[in-house]
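For reference, the structure discussed in these notes is given below.
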Amino acid sequence: MIRESFTRLRFLITRCKPTELDEELAFHIEQSTNANIAAGLTPQEARRQALIEFGSIEGTREQSHQQRPGWFLSTLLQDIRYATRGFLRNPRFTVAVIATLALGIGANAAIFTLLNGTLLRNLPYRSPGNLMALDSMNVAGDRTGSGLADIEQLQQQSHTLDGLAYYNIRSMDQVVEDAMGSNLLAAHLLEACGALALAVALMGLYGLLSYLVTLRRRELGLRMALGAQREQILALVLHQAGRLLAGGILLGVAISMATTRLLTHFLFGVKPQDIVTIAAAALLMALVGLLAAWLPARKAAEIDPIETLRTE
Amino acid sequence: MPPSTDLLQGTLDLLILKTLALEPMHGWGISLRIQQISNDVLQVGQGSLYPALHRLEYKGWIQSDWGNSENNRRAKFYSLTATGKKQLKTELATWDRLSTAIATVIKQVPETSA
């Protein structure tokens, strides 16, 4: 009787309609009760024993529901809907996080695209590894440079070289570095700035999420008191962070595409949309961002419901 | 409460399939049948029986229809599908191989006594 009224109360709150599963389980308990009556128990005692034997009805219901192939997806959708509502409630917070992330990613992707285009990429020859630089020196070991006649002789007689071109002969790396010495320093500085921007963006994400968790301590505590599992709280915070990350990354990619396009006007030979670079930057950001979100999420999952509910 | 650990995962599936191979049955009947045939050794906890039934149904190995029970109550009857029959054969073969292997290992007389 008491148990029944509890069940009724629960259905009133959660608005769960009795499903086929409930009917099925009710049938099971009824059969079990009948068997107990046949064994000589009074009807009340028979039902009591049947319920004890059955164990947690709610647990069985939940586990049966979880067998459904799309079960995971439906809880995911639930979390996403919830997260969207949360963002609409805190528009300033949302904008702050997305802007921070977007700037971090945008700056990084743009800088890396430039570095990749100018420094890291191989020289534009078919097999740059086979490229050699020749030099001549005198008996004392000083570099002398080669005479044109020597070069022509080499061109005709050498078997190890496919071809020989003369130029102000130095190693190709040397040529590149000499040509770009000052640019290299600037590029490294840019790189450092980019890394700094990334670090600041991630710290921002961490700080903002921690703040959000602190603000919602009571609500999260209440959820736990009502039966939300640790993993569910964790997933809730992580999903919210994931949405922020996704928004920030999308905007960041857009920004970096725009800025690299702008920068290519000043630099020769850099493709404006280096998809691989941008994808790599976004992926890196997503991974590190999830890590930054993981810490506040864990903190949220460790909330003691009793304590938060007491501090009214 | 964790799902009953008195039966190996997968073993319950096999028992259910085998029981349903005889005739369509409702959940209560399945648990009763398994308990009776095994002389009360195997007690299928309801906490694992119904999730297992639903899992097998979603896999398409069994199907369910509402019908009337012996005492004229609406009950959900489960029966094997064609895939379920095939699956039962595979599971039986796997079980035979596994149990023979285990029996061989545990009955082995130690050749050198420590």
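All values reported here derive from a predicted model rather than from experimental measurement. Just so it is clear: chains get the letters A, B, ... in the order the sequence lines come, proteins before strands, and each one is counted from 1.
- Within 6.0 Å of the CZ atom in Arg48(A), the count of heavy atoms belonging to other residues, nucleotides or ligands does not exceed 12.
- Here the CH2-CG distance, from Trp28(B) to Asn34(A), works out to 8.5 Å after rounding to the nearest 0.5 Å.
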(Q) Assess the residue pair Phe27(A) and His26(B) against the criterion (side-chain contact (heavy atoms from CB on, under 4.5 Å)); give the C-alpha distance rounded to whole Å, side-chain angles, the decisive distance to 0.1 Å, and a yes or no. (A) CA-CA 9 Å; Phe27(A) 173 77; His26(B) 44 68; 3.6 Å; yes
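- Of all non-hydrogen atoms in Ser69(B) and Gln31(A), the two that sit nearest each other are OG-NE2, 4.3 Å.
- Other residues, nucleotides and ligands contribute over 12 non-hydrogen atoms within 6.0 Å of the NZ atom of Lys59(B).
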Q: Run the numbers on Lys76(B) and Leu21(A) for side-chain contact (heavy atoms from CB on, under 4.5 Å), then give the verdict.
A: CA-CA 9 Å; Lys76(B) 208 176 183 185; Leu21(A) 179 62; over 6 Å; no
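- For chain B, no part of Ile29(A) is nearby; none of its heavy atoms comes within less than 4.5 Å.
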(Q) Run the side-chain contact (heavy atoms from CB on, under 4.5 Å) test on His54(B) and Glu24(A) for me, step by step, so that the C-alpha distance in whole Å, both residues' side-chain angles and the decisive distance to 0.1 Å come before the verdict. (A) CA-CA 12 Å; His54(B) 285 251; Glu24(A) 195 180 3; 3.4 Å; yes
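- For a residue to count as touching a neighbouring chain, one of its non-hydrogen atoms must lie under 4.5 Å from one of that chain's; by this rule Ser64(B) does not touch chain A.
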